[in-house]
There are 2 protein chains.
Amino acid sequence: MPNGVRGLLVLPTLTHVENVLTPGGRALKHEAVREYVRDLVAGRHPGAPAPSERELVSRFGVARMTVRQALDALVAEGLLERVPGRGTFVAPPRRTATPVLSFREEMTARGMVPESQTLALRLEQAGAGVARALSISEGDAVVHWRRLRHADGAAMSVEDVYLNEVLLPGFLQGPVPSSLYDELAGRGLRPTWVEDAIGAGLASDDEARLLGLPVGTAVLRKQRRGLWQEKVIEVSRSVCRADRYMVRVNLGGSD
Amino acid sequence: MPNGVRGLLVLPTLTHVENVLTPGGRALKHEAVREYVRDLVAGRHPGAPAPSERELVSRFGVARMTVRQALDALVAEGLLERVPGRGTFVAPPRRTATPVLSFREEMTARGMVPESQTLALRLEQAGAGVARALSISEGDAVVHWRRLRHADGAAMSVEDVYLNEVLLPGFLQGPVPSSLYDELAGRGLRPTWVEDAIGAGLASDDEARLLGLPVGTAVLRKQRRGLWQEKVIEVSRSVCRADRYMVRVNLGGSD
DNA sequence: GAGTGGTCTAGACCACGAT
DNA sequence: TCGTGGTCTAGACCACTCT
């Protein structure tokens with residue numbers, strides 16, 4: 001049986017594979033090997049050895065190219081690294097560029113307790129700037145959500161976010177969402193790409209009052225366009241207390 | 001001749017390969033195929049078809065797995081994309097997170113003419129903060145370079161950069177470099193990873209004078225750690241005119 | 001039906017590292 | 001010397017798309 005055989009006569013030798021069969025999905029051998037290895041090395045320290053290719057060949061009864069295809073995927077996603085002449089090992093964690101986080105997630109990651117107070121949530125007509133940023137027409141319906149954000153009980157920022165109403169049917173009907181990004185994630189629209197512009201300025205009277213600042217204090221201003229699959233989902237402007245908040249950004253390759 | 005044969009009897013069928021042989025390097029077949037295809041599709045519009053796998057097989061006289069290995073590499077680097085049942089095509093350009101750019105490169109990319117004036121360039125002993133950021137000991141020798149930056153003739157920022165002297169022998173001997181990142185690149189030390197912290201504040205008297213600002217003006221403050229291969233190469237603090245400069249950052253996956 | 005990429009086989013020789 | 005990953009062969013069947 002030279003080729004093309006899938007999960008048929010070979011099954012007796014594939015006892016480990018049956019456990020990782022996707023319930024309703026296909027049972028590709030390289031996927032089975034991949035998930036077996038993934039489970040096997042999950043949580044191991046970097047440098048811990050993975051099974052050798054030939055060991056997996058005999059364990060699964062597959063060809064070596066199939067095993068290599070499985071390991072290639074794990075190497076590509078940064079879980080394993082190959083060392084010629086020595087073996088395959090758990091790779092050290094890769095450095096990643098700053099991920100797209102919500103205010104809640106960002107504060108939690110910094111060990112602070114976030115809080116959010118809705119100051120306004122209503123339907124509006126898009127102004128020129130918001131329309132251009134959202135790639136819609138001036139006057140189109142947008143959801144405007146204004147929130148005052150706290151961390152560990154201290155005011156951090158005031159954020160005005162604008163959303164394309166067409167993409168979010170019923171957004172204003174239900175209860176006020178506790179998290180914008182969670183709400184968008186539930187609709188499969190959480191931004192995976194953001195374009196931020198960060199500047200500095202002086203707090204306006206309104207901003208100073210909301211943030212509890214003296215007039216004339218320096219603040220950080222952040223504008224964001226959040227996209228999902230080429231679609232602009234979110235446009236926002238934030239004013240942040242510069243004495244309590246800095247934007248941290250990691251950029252570059254993984255070297 | 002079933003296997004392991006490299007650039008020997010097979011050469012007659014590999015007329016296209018000889019042109020891409022690395023002068024002093026090995027001549028791996030999958031590399032030859034990869035570079036042939038890379039050259040072939042260079043500059044083509046996204047969606048343009050690449051040669052089919054079987055066409056490359058017959059053209060190079062290699063096995064299909066070898067061709068797939070070559071194409072896999074090009075797919076992984078985002079140059080090609082496969083469409084099952086249709087073929088292999090030039091992929092649309094991938095969106096990339098903001099690259100690590102020098103001031104010069106950043107201004108040029110914005111269509112402005114950059115200029116840089118050295119205010120100080122000398123050896124110093126690292127203070128506590130700089131030492132910690134550079135992962136060296138307090139009192140170790142550091143190069144301190146202070147520059148006033150202009151774009152289109154207007155003052156933009158004042159930057160203080162600190163470099164680990166041990167990594168840059170002779171840095172202060174030659175003429176003043178025209179570009180820090182070019183100089184580092186020449187030594188194989190240009191940062192490929194940066195960690196920025198961006199905040200806001202009010203210009204000090206000194207900063208206001210250098211930047212031509214009234215006292216009490218809001219400015220952007222940026223701190224950077226630049227790394228190459230886990231080594232901290234550069235630590236810097238910049239003060240930027242907020243009326244002329246915003247930090248732009250793109251983040252996220254490539255969807 | 002012809003062509004494409006996706007998967008898979010059952011071997012092989014090589015360079016390299018550890019013993 | 002033995003085991004490892006790196007490379008390579010000469011086929012095969014599959015699901016899919018396009019005509």
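Note that the structure is predicted; figures quoted are calculated from it, not measured.
Place B/P84 and A/P51 on DNA chain D by their nearest nucleotides, and A/P51 ends up nearer the 5' end. Both A/H30 and B/G87 sit near DNA chain C, but only B/G87 has its closest nucleotide nearer the 5' end.
For the atom pair B/L184 CG and B/W228 CH2, the distance stands at 11.5 Å (nearest 0.5 Å). Here the OG atom belonging to B/S58 is positioned 12.5 Å from the CZ atom belonging to B/R64, to the nearest 0.5 angstrom.
Residues of residues 64-83 of chain B that place a heavy atom closer than 4.0 Å to DNA chain D, in numerical order, are B/R64, B/M65, B/T66, B/Q69.
Here the P atom of nucleotide D/dC8 and the CZ atom of B/F60 are 12 Å apart, to the nearest Å. Here the P atom of nucleotide D/dC13 and the CD atom of B/E53 are 18 Å apart, to the nearest Å. Distance A/R34 CZ to C/dT7 C1': 13 Å, rounded to the nearest Å. Regarding B/L28, its CG atom lies at a distance of 11 Å from the P atom of C/dA15, rounded to whole Å. The separation between A/E55 atom CD and D/dG3 atom C1' is 12 Å, rounded to whole Å. Atom pair B/R54:CZ and C/dG3:P shows a separation of 10 Å (rounding to whole Å applied). Atom CZ in B/R86 sits about 10 Å away from atom P in D/dT17, given to the nearest Å.
Of the residues listed (B/L189, B/L134, B/N164), the one engaging B/I233 in a side chain to side chain contact (heavy atoms under 4.5 Å, CB included) is B/L189, and it is the only one.
The aromatic rings of A/Y162 and A/H144 sit parallel, their planes meeting at an angle under 30°, below the 60° perpendicular limit.
Aromatic ring centres of A/Y36 and A/F60 lie closer together than 6.0 Å.
A sub-4.0 Å separation between OP1 or OP2 of D/dG5 and a side-chain N or O of A/T88 is present.
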For a quick test of your reading: what N or O donor-acceptor pairs under 3.5 Å do the side chains of residues 77-89 of chain B make, sequence neighbours left out?
from, atom 1, to, atom 2, distance (Å)
B/E77, OE2, B/R38, NH1, 2.5
B/R82, NH1, B/E53, OE2, 2.9
B/R82, NH2, B/D72, OD1, 2.0

